[in-house]
Amino acid sequence: MKVVKVAAAVICDPPAEKKRIFATARGYGEYKGWWEFPGGKVEAGETPQEALVREIKEELDTDIEVGQLIGTIEYDYPDFHLSMDCFLCSLPEPGHLKLREHQSARWLRRNELEDVPWLPADRELIDYLKEHWF
């Protein structure tokens, strides 16, 4: 089975308090309309952190500060295996986000996490975050 390596940004506001997390709805492809953490594929020669900086600039037109690794989610989709490194992140300018690839975005509080349909791998991350620190 094909393995796809990605990095995901768990963007918190404010970063130290983790009151809200930023989520996006895919704007294209088979999973259009499903919600996920922003990020994307790790290219050859890139670290996951470098991939996040590049992807967030491409997807949201902003810079990002990549913090600690939360964990890695391993998930089997029908056509590929996803290996997703998930990092705690913050934005230097939280008000400056421009959606370039997503159809929608929201800042979600803990009690709002079930309000959106999460992609299956991201759903696993939500369950982990709720149980351990959010």
Q | Value rounded to 0.5 Å, distance of CH2 in Trp35 from CD1 in Ile126 | A | 11.5 Å

Q: State the CZ-OG distance between Arg26 and Ser104, to the nearest 0.5 angstrom.
A: 14.5 Å

Q. Is it the case that one hydrophobic cluster holds both Leu125 and Val42, taking links as side-chain heavy atoms less than 4.5 Å apart, direct or via other members?
A. no

(Q) In the structure I gave you, are the side-chain heavy atoms of Ile73 and Cys86 within less than 4.5 Å of one another anywhere? (A) yes

**Q.** Closest non-hydrogen atom pair, Ile11 against Ser90
**A.** CG2-CA, 4.4 Å

Q: Find the distance between OH (Tyr75) and CD (Glu124) and round it off to the nearest 0.5 Å.
A: 6.5 Å

**Q.** Taking every non-hydrogen atom, the tightest pair across Phe87 and Ile70
**A.** C-CD1, 3.9 Å

Q: Indicate the atoms forming the closest heavy-atom contact of Phe37 with Ala8, along with that distance.
A: CB-CB, 4.1 Å

Q.
Test your reading of the model: is there a side-chain donor-acceptor pair from Glu46 to the backbone of Glu43, 3.5 Å cut-off?
A. yes

Q) Taking side chain as C-beta onward, heavy atoms only, is Lys19 less than 4.5 Å from Asp13? A) no

Q.
Does this structure show an ion pair linking Glu50 with Arg54, if we count only N-O contacts that are shorter than 4.0 Å?
A. no

(Q) For the backbone of Leu52 and the side chain of Glu55, can you confirm whether one donor and one acceptor N or O come within less than 3.5 Å of each other? (A) no

**Q.** Stacked cation flag Arg20 on Phe22, 6.0 angstrom / 45 deg
**A.** no

Q. Does some side-chain heavy atom of Glu59 sit less than 4.5 Å from a side-chain heavy atom of Thr24?
A. no

Q. Sub-3.5 Å donor-acceptor pair from the side chain of Glu112 to the main-chain atoms of Arg109, do we have one?
A. yes

Q) Which atom names give the shortest non-hydrogen contact between Ser83 and Thr72, and what distance separates them? A) OG-CG2, 3.7 Å

Q. Hey, are Arg123 and Glu36 close enough for a salt bridge, meaning a charged N less than 4.0 Å from a carboxylate O?
A. no

Q: Measure from the ring center of Tyr31 to the ring center of Trp118 and say whether it is less than 6.0 Å.
A: no

Q. How many angstroms lie between CG in Leu82 and CD in Glu74, if you round to the nearest 0.5 Å?
A. 8.0 Å

Q) When rounded to the nearest 0.5 angstrom, what is the spacing between CG in Leu113 and CZ in Arg110? A) 7.0 Å

Q. Looking at Lys2 and Asp79, does any basic side-chain N land under 4.0 Å from a carboxylate oxygen?
A. no

Q.
Under a 3.5 Å distance rule, please check whether Tyr77 uses its side chain to pair with a backbone N or O of Ala121 as donor and acceptor.
A. yes

Q: For residues Ala7 and Pro48, report the shortest heavy-atom separation together with the two atoms involved.
A: CB-O, 3.5 Å

Q) Distance from Leu108 atom CG to Glu114 atom CD, nearest 0.5 Å? A) 10.0 Å

Q) Minimum heavy-atom separation for Met1 to Pro78, with atom names? A) CE-O, 4.2 Å

